[in-house]
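One structure below.
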Amino acid sequence: MEDLVKSAISSSASTQSASTAFQDEEIKICVIGVGGGGNNTLSRLKQLGVKGAKLFALNSDVKHLSIVSQGITKILIGKSITRGLGCGGYPEVGRKCAEVDRKAIEEAVSGAHLVFICAGMGGGTGTGAAPVVAQIAKEQGAIVIAMVSFPFALERARLMRAEEGIANLREYSDSVIILDNNRLVELVPNLPMNQAFLVADEILAKAIDGLVFTITQPSLVNIDFADVKAVMSAGDVGMIAVGTGKGINKVEETVESVKNNRLLDVDFAGAKGAIIHIAGGADLTLGDAIRAGELITDEMDPHASVKWGARIVPDYQGKLEVTAIVTGVSSPQITGRGHSHPKAAQKEKGLSDIEML
Ligand SMILES: Nc1nc2c(ncn2[C@@H]2O[C@H](COP(=O)(O)OP(=O)(O)OP(=O)(O)O)[C@@H](O)[C@H]2O)c(=O)[nH]1
Ligand SMILES: [Mg+2]
């Protein structure tokens with residue numbers, strides 16, 4: 001976790017420019033940031049040098065769009081409604097902004113196989129517009145993965161809005177991966193709020209970058225699109241867990257930290273699926289990667305669909321970094337207060353994910 005915090009904070013000061021080339025891959029992947037938080041995550045993803053995905057920043061706030069990293073396609077939504085001034089915390093306005101500019105969103109996701117949507121839940125644009133983006137992407141036949149943050153408890157009025165936003169996203173997304181900002185505070189105490197946002201962006205961006213990389217670029221172990229589809233389809237609510245380890249016991253250390261660093265307060269037990277992404281230096285062996293994957297998932301349902309990928313990162317010599325996206329988890333504190341969902345109801349009746357597809 002300390003490594004992530006350091007990396008997030010130092011990245012905010014760096015002006016590192018990433019490769020802008022979009023690799024024309026067979027699998028078309030789009031990442032769409034919606035609203036201020038979503039766009040900051042997207043800028044971080046761009047700085048990480050993500051390859052193999054098209055990036056779009058959607059916002060009703062023209063000022064915030066102007067600070068989005070270069071190489072990201074910017075789409076101003078709802079200019080006729082907000083005059084480019086943002087939605088002021090009203091998700092209903094955010095929804096309308098996306099509806100009036102539906103055509104631009106349709107063009108962005110046109111032909112995509114896989115669409116990631118990043119947004120911070122609790123404000124106006126991200127909360128209201130992200131479900132519309134998910135709906136449009138779904139209508140066009142994409143696998144839709146929403147990666148969203150849940151507000152800090154001190155954001156009070158935003159919590160209810162965030163719950164509603166998540167309920168709406170679940171309608172149209174294959175999986176909604178939630179990063180609870182409150183877990184960040186527990187895992188890294190004394191972190192000021194602005195730095196916590198950087199860490200949230202770092203974790204979300206790394207999860208997307210790792211996944212896009214192992215799908216589109218030659219890796220030590222590739223994850224293919226069919227794997228992602230298998231884990232994410234009807235994955236419903238999911239979480240991210242991250243961990244690192246160094247030296248001789250790097251596998252055990254990493255596994256231990258992944259299990260502790262869950263960004264949503266749920267257990268691995270009972271999870272229905274997981275995608276584990278392992279990054280290591282040139283010294284990463286296949287045996288270590290397999291062992292890490294096995295140890296991380298040992299508490300999960302034996303029928304869970306688990307896929308893993310591994311990639312060599314040149315400056316990771318002697319260390320391992322793992323990002324696990326775990327799907328099909330149950331989080332009553334976030335999704336259980338009156339926002340039921342058809343997929344969840346089917347699960348309660350005992351239908352398997354396969355039957356529900
Ligand atoms: N990951 C991340 N989350 C953020 C950031 N800034 C704010 N958030 C979170 O995201 C939630 C929504 O805030 P914004 O994204 O700024 O809101 P918006 O979607 O732009 O909505 P309006 O400004 O009301 O139109 C907040 O309640 C925070 O919890 C950020 O930089 N990164
Ligand atoms: Mg905003």
Side-chain angles (χ1 to χ4, degrees), residues 4-5 7-9 11-12 31-48 57-69 72 74-79 81-98 100-101 116-134 146-166 168-169 177-185 188 191-208 240 242 263-264 334:
L4 266 163
V5 174
S7 165
I9 291 164
S11 76
S12 73
V31 187
I32 307 193
V34 190
N39 286 348
N40 288 347
T41 302
L42 197 75
S43 288
R44 181 64 191 127
L45 181 65
K46 184 70 193 161
Q47 284 172 12
L48 288 176
L58 233 73
N59 209 340
S60 60
D61 177 347
V62 74
K63 213 164 158 198
H64 197 280
L65 271 183
S66 71
I67 60 159
V68 163
S69 291
I72 296 175
K74 300 171 189 183
I75 303 175
L76 177 64
I77 53 168
K79 192 175 175 205
I81 301 170
T82 75
R83 290 182 294 144
L85 297 174
C87 295
Y90 294 99
E92 192 47 32
V93 179
R95 188 184 64 75
K96 285 188 183 135
C97 288
V100 295
D101 283 309
F116 289 98
I117 300 171
C118 308
M121 291 290 107
T125 309
T127 312
V132 179
V133 177
M147 311 275 284
V148 300
S149 61
F150 191 77
F152 290 99
L154 58 86
E155 297 187 76
R156 292 173 198 285
R158 298 194 153 216
L159 303 181
M160 285 286 282
R161 272 183 238 152
E163 284 179 25
E164 271 193 55
I166 288 171
N168 292 335
L169 270 173
I177 312 300
I178 303 169
L179 183 159
D180 184 358
N181 287 338
N182 300 293
R183 286 288 292 166
L184 282 177
V185 185
V188 196
L191 202 61
M193 197 150 145
N194 59 344
Q195 294 194 354
F197 285 142
L198 294 176
V199 178
D201 292 337
E202 182 82 2
I203 292 168
L204 292 166
K206 278 199 166 171
I208 297 172
I240 300 181
V242 291
L263 278 309
L264 184 63
I334 287 180

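Ligands are counted one by one from 1 in listed order, and the atoms in each one are counted from 1 as well. We're numbering straight along the sequence, starting at 1.
In this structure, Asp61 contributes its side chain and Leu85 its backbone to no donor-acceptor pair below 3.5 Å. Within the 3.5 Å criterion, the main-chain N or O of Pro91 finds no donor-acceptor partner in the side chain of Thr127. Under a 3.5 Å cut-off, the side chain of Asn59 and the backbone N or O of Leu65 do not form any donor-acceptor pair. The backbone N or O of Met160 sits nowhere less than 3.5 Å from a side-chain atom of Glu163 that would complete a donor-acceptor pair. A donor-acceptor pair under 3.5 Å links the side-chain atoms of Arg161 to the main chain of Gly122, judged by distance alone.
The protein non-hydrogen atom at the shortest distance from atom 24 (O) of ligand 1 is Gly89 N, 2.6 Å. Of the protein's heavy atoms, Phe197 CZ, 3.6 Å lies nearest to atom 7 (C) of ligand 1. Nearest protein heavy-atom neighbour of atom 25 (O) of ligand 1: Thr125 OG1, 2.6 Å. Of all protein heavy atoms, the one closest to atom 22 (P) of ligand 1 is Gly124 N, 3.5 Å. Shortest contact from atom 15 (O) of ligand 1 to any protein heavy atom: Gly37 N, 2.7 Å. With hydrogens left out, the protein atom closest to atom 19 (O) of ligand 1 is Gly126 N, 2.7 Å, a heavy atom. When hydrogens are left out, the protein atom nearest atom 2 (C) of ligand 1 is Asp201 OD1, 3.3 Å; that is the closest non-hydrogen contact. Protein heavy atom nearest atom 10 (O) of ligand 1, with residue, atom name and distance: Gly120 CA, 3.3 Å.
Here Asn40 has side-chain heavy atoms under 4.0 Å from ligand 1, and that is the only part of it that gets that close. Under 4.0 angstrom from ligand 1, the non-hydrogen atoms of Asn181 all belong to its side chain.
Applying the 4.0 Å criterion to heavy atoms of Gly35 picks out, from ligand 1, the atoms 19 (O), 20 (O). Residue Gly88 approaches ligand 1 through these ligand atoms, each under 4.0 Å from one of its heavy atoms: 24 (O), 25 (O). Within ligand 1, the atoms closer than 4.0 Å to a non-hydrogen atom of Ala200 are 1 (N), numbered from 1 in the order shown.
Polar contact check, Gly123 against ligand 1: no nitrogen or oxygen pair lies under 3.5 Å apart. The distance criterion of under 3.5 Å between nitrogen or oxygen atoms is met by Cys87 with respect to ligand 1. Below 3.5 Å of separation, one finds an N or O of Gly36 facing an N or O of ligand 1.
Nearest approach of Asn181 to Phe152, heavy atoms of both residues: O-CE2, 3.4 Å. What you find for Asp201 and Gly37 is that their closest heavy atoms are OD1-O, 4.0 Å. When all heavy atoms of Cys118 and Thr41 are compared, the pair lying nearest together is SG-CG2, 4.1 Å. Taking all atoms of both residues into account, the shortest heavy-atom contact from Ala134 to Leu169 is CB-CD2, 4.1 Å.
For the 3.5 Å distance criterion, the side chains of Ser60 and Thr82 fail to qualify, holding no donor opposite an acceptor.
Comparing Arg161, Glu155, Met147, Met121 against atom 27 (O) of ligand 1, the shortest heavy-atom distance belongs to Glu155.
With sequence neighbours excluded, the residues satisfying salt bridge (charged side-chain N to carboxylate O under 4.0 Å, His left out) with Arg95 are Glu92, Glu99.
Proximity of Gly94 to ligand 1 is not established, as no heavy-atom distance is less than 4.0 Å.
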